[in-house]
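Everything numeric in this text was worked out from a predicted model, so none of it was measured. Per chain, numbering begins at 1; letters A, B, ... match sequence-line order.
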Amino acid sequence: MHFAFLLRHPPYSKQHAREGLEAALAAAAFGQEVSLYFMGDGVLQLLPDQKATQLAAKDTSRMLQALDMYDIENVYVDRTSLQARGIAEDALAIKCTAVDSRQIRQQLATAQQVFCF
Amino acid sequence: MHFAFLLRHPPYSKQHAREGLEAALAAAAFGQEVSLYFMGDGVLQLLPDQKATQLAAKDTSRMLQALDMYDIENVYVDRTSLQARGIAEDALAIKCTAVDSRQIRQQLATAQQVFCF
Amino acid sequence: MLHIINKATPDASLEQCLALIDPQQDAVLLVADGVLSALASYAYWPRGLAVFVLSRDIEARAINAYLAPHIQIIDDAGFVALTEQHTQSISW
Amino acid sequence: MLHIINKATPDASLEQCLALIDPQQDAVLLVADGVLSALASYAYWPRGLAVFVLSRDIEARAINAYLAPHIQIIDDAGFVALTEQHTQSISW
Amino acid sequence: MKYALLVNGAPLDSQAARSALYFSQALLAREHQLLRVFFYGAGVQLGNGLQISAQDENSLLGEWQALALAGNTELVLCIAAAQRRGILSATEAQRHGKPPVEMLATGFTLAGLGTLVDAALDVDRLITFQG
Amino acid sequence: MKYALLVNGAPLDSQAARSALYFSQALLAREHQLLRVFFYGAGVQLGNGLQISAQDENSLLGEWQALALAGNTELVLCIAAAQRRGILSATEAQRHGKPPVEMLATGFTLAGLGTLVDAALDVDRLITFQG
């Protein structure tokens with residue numbers, strides 16, 4: 001089954017970034033096909049060199065390194081959200097495919113479940 | 001001492017409306033001069049005929065009836081916020097003075113404390 | 001796709017939801033503080049989109065008189081019916 | 001007046017804060033998710049307004065390289081100093 | 001149809017648990033099955049059995065417990081999310097070297113995210129209630 | 001100068017308590033007095049003494065307790081806001097007919113909104129940390 005996760009929150013103030021990724025990793029660990037869509041302030045989860053220790057928090061960007069291990073290959077980032085924040089596609093900590101809203105809409109139509117964090 | 005309360009949240013989903021009013025009533029009960037400023041979605045706290053029982057919640061509009069009892073007379077509503085929501089000044093459940101941002105700014109300058117809910 | 005929105009504007013959820021909506025096939029259900037986006041004064045819903053609000057959330061907040069004319073009011077059973085009709089949903 | 005903002009845009013706090021700000025006398029301090037409003041791509045701060053961000057919130061989120069040029073970075077002691085200088089504050 | 005719910009919002013500081021309760025009651029009234037409600041994020045706070053409802057409000061927790069009995073519905077708190085927010089069963093407390101106080105409300109269980117994934121696979125509809 | 005803080009945000013689901021902690025440490029380092037921290041709204045959840053910090057994170061609660069000792073600072077939970085969110089002292093629990101479990105973390109007290117008003121009158125600066 002195909003589970004899509006929309007990751008829309010910036011890291012650290014709240015637990016959405018962390019708990020969204022944990023849910024996605026769990027779905028993959030339980031053998032489901034997982035796709036991730038970073039959008040809105042969620043694209044900030046993808047910035048390299050985060051210093052979570054400044055807030056004594058769990059470094060969510062390190063959790064992204066685990067995506068490979070869980071065979072999560074479908075990692076997408078909303079191009080408009082990157083542009084609105086002045087972030088270049090090649091400045092991200094992990095490899096993502098930049099997509100637009102139309103592509104996201106089409107891909108979500110094939111998902112068994114869409115989880116929103 | 002003069003304590004100003006900015007009441008900016010709509011009633012019921014969260015506790016801001018209720019807990020903001022409770023803090024204001026407490027300040028008045030402890031003998032302080034209190035002024036209330038309803039702004040943004042906070043103006044929705046002022047609508048008559050709320051049915052809080054639909055959500056098994058505490059009716060915050062009934063708390064407004066207590067303002068008189070606590071001698072809170074300085075009750076202001078942001079005119080722009082009402083207009084943006086299509087709400088007439090005479091449609092509110094209690095008597096408020098409609099003010100604009102400039103007036104609010106001037107009045108806050110005289111407050112000992114500004115509490116924001 | 002059924003889009004369920006529980007947040008008042010301004011909020012990123014609304015923008016993101018609108019960017020993904022297909023007005024021909026999708027429906028929007030406003031619940032909790034989300035019902036505030038059903039006010040007539042908030043006019044950003046695309047033409048032709050089906051927008052529903054939950055009656056108990058409207059009544060609790062006493063905003064019946066302020067709703068945009070095309071908004072459809074449903075009860076809890078109507079909410080369930082929407083989830084029966086739409087195989088997919090996103091709660092923003 | 002010191003305005004302390006801890007929320008990312010879009011959010012009603014920003015609008016309401018901007019409506020009350022006096023750019024000549026007031027200062028804005030961005031903390032927590034509020035620091036995202038210091039990005040160069042977000043250009044709604046009135047000219048001449050002093051806008052500060054808390055360094056640990058910037059570093060945690062790794063957005064140093066993206067800040068608007070007029071934003072001033074301060075540490076925790078700088079935050080305390082701002083509260084010393086301003087007799088009044090509003091946390092939005 | 002078979003349903004499961006995911007509730008992410010705190011019981012008092014969001015309307016999520018309240019909205020989900022009314023939805024669940026309507027589900028049962030329409031003779032759907034509600035297999036499981038998975039509480040995640042701040043939503044786990046509903047399962048704090050030590051909470052006391054104020055006199056002037058109904059007990060949201062009690063209504064959920066009644067719903068679970070009526071619908072034969074599992075109420076599951078995500079164990080990791082609950083632990084982060086200080087909600088432990090007596091067993092969990094003891095495992096962490098604390099006094100074995102039972103904080104979990106009657107009718108709730110602690111389980112991992114796998115039970116959310118399972119629910120998503122078992123049902124016709126999984127509906128999320130955000131905070 | 002004399003300071004007091006008002007913390008309205010939940011400890012984990014907002015950054016309020018964390019930001020307020022660093023601010024408080026900087027206050028003491030600059031030799032200000034921090035008389036009282038008043039936890040209101042979802043902020044009261046910091047005072048839940050049954051919480052357990054995960055291994056990979058520092059204990060926010062423990063750091064607050066250390067700060068309170070170092071600064072001779074009162075940590076006060078709003079009693080009404082705490083009760084709504086299920087956080088009770090043993091005395092309060094018993095008064096409501098529940099087993100007398102002490103949920104309040106060491107160093108915290110329950111008190112009414114009057115102590116917030118008092119603090120606002122007693123200090124030179126009252127700074128709020130929102131959720």
Side-chain angles (χ1 to χ4, degrees), chain D residues 1-21 25-38 50-63 72-92, chain F residues 1-43 46 56-58 60 63-64 66-67 70-71 73 78 116 119-131:
Chain D
M1 183 77 80
L2 175 64
H3 298 270
I4 303 173
I5 297 175
N6 75 328
K7 289 166 197 73
T9 54
D11 187 86
S13 297
L14 256 288
E15 289 176 18
Q16 291 164 0
C17 172
L18 284 172
L20 291 189
I21 267 182
Q25 297 184 34
D26 295 357
V28 168
L29 172 63
L30 305 173
V31 302
D33 281 347
V35 300
L36 303 182
S37 295
V51 181
F52 300 88
V53 291
L54 209 49
S55 56
R56 62 167 74 244
D57 285 318
I58 292 294
E59 288 171 23
R61 294 166 179 81
I63 56 172
Q72 302 175 58
I73 303 176
I74 59 171
D75 61 9
D76 298 328
F79 183 178
V80 173
L82 279 178
T83 65
E84 293 165 5
Q85 292 153 25
H86 293 268
T87 53
Q88 290 185 299
S89 68
I90 302 180
S91 295
W92 291 90
Chain F
M1 286 190 205
K2 288 196 268 185
Y3 278 78
L5 307 186
L6 168 60
V7 178
N8 288 331
L12 203 79
D13 294 300
S14 86
Q15 206 189 296
R18 175 63 61 188
S19 296
L21 173 72
Y22 295 135
F23 180 80
S24 301
Q25 291 169 341
L27 271 184
L28 299 189
R30 283 173 77 101
E31 302 199 348
H32 290 297
Q33 280 182 65
L34 179 57
L35 301 189
R36 182 175 295 159
V37 182
F38 190 85
F39 295 90
Y40 194 43
L46 180 71
D56 58 354
E57 283 144 310
N58 293 332
L60 182 60
E63 290 180 70
W64 268 109
L67 186 283
T73 299
C78 172
L116 171 62
L121 296 173
D122 283 352
V123 299
D124 302 298
R125 298 286 187 273
L126 172 70
I127 309 293
T128 300
F129 290 83
Q130 302 286 16

Colleague: Select one option (side chain, backbone, both, neither) describing which atoms of D/Ser13 are under 4.5 Å from chain F's heavy atoms.
Modeller: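 It is neither, since no heavy atom gets under 4.5 Å.
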
Colleague: Heavy-atom pairs under 4.5 Å with chain F are the metric here; pick the option from D/Thr87, D/Asp57, D/Leu54 that has the most.
Modeller: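 Sorted descending by pairs with chain F, the first entry is D/Thr87.
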
Colleague: Taking all non-hydrogen atoms of both residues into account, name the closest pair between F/Ala42 and F/Pro11 and its distance.
Modeller: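 Closest heavy-atom pair between F/Ala42 and F/Pro11: O-CD, 4.0 Å.
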
Colleague: Please look at F/Leu6 and chain D and tell me whether the side chain, the backbone, both or neither of the residue comes under 4.5 angstrom of a heavy atom of that chain.
Modeller: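 Contact with chain D is absent: no heavy atom of F/Leu6 under 4.5 Å.
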
Colleague: Can you tell which part of D/Thr83 gets under 4.5 Å to a heavy atom of chain F, answering side chain, backbone, both or neither?
Modeller: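 Answer is both: backbone and side chain atoms of D/Thr83 are under 4.5 Å from chain F.
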
Colleague: Determine the option with the most heavy-atom pairs under 4.5 angstrom with chain D, choosing from F/Gln15, F/Gln130, F/Arg125.
Modeller: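 Among the listed options, the one with the most contacts to chain D is F/Arg125.
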
Colleague: Using 30° and 60° as the class boundaries, would you call the ring planes of D/Trp92 and D/His3 parallel, tilted or perpendicular?
Modeller: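 Ring orientation of D/Trp92 relative to D/His3: parallel.
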
Colleague: Between D/Asp11 and D/Leu14 (side chain of the first, backbone of the second, donor and acceptor by atom type, cut-off under 3.5 Å), is there such a pair?
Modeller: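 No, the answer is negative, given that no donor and acceptor are paired below the 3.5 Å cut-off.
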
Colleague: Name the region of D/Glu84, side chain, backbone, both or neither, that has any atom closer than 4.5 Å to a heavy atom of chain F.
Modeller: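 Both the backbone and the side chain of D/Glu84 come within 4.5 Å of chain F.
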
Colleague: Kindly give the heavy-atom pair with the smallest separation between D/Asn6 and F/Gly131, and that separation in Å.
Modeller: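 Minimum heavy-atom separation between D/Asn6 and F/Gly131: ND2-O, 3.1 Å.
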
Colleague: So, D/Phe79 versus F/Tyr22, ring centres under 6.0 angstrom or not?
Modeller: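 No: the rings miss the under 6.0 Å criterion.
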
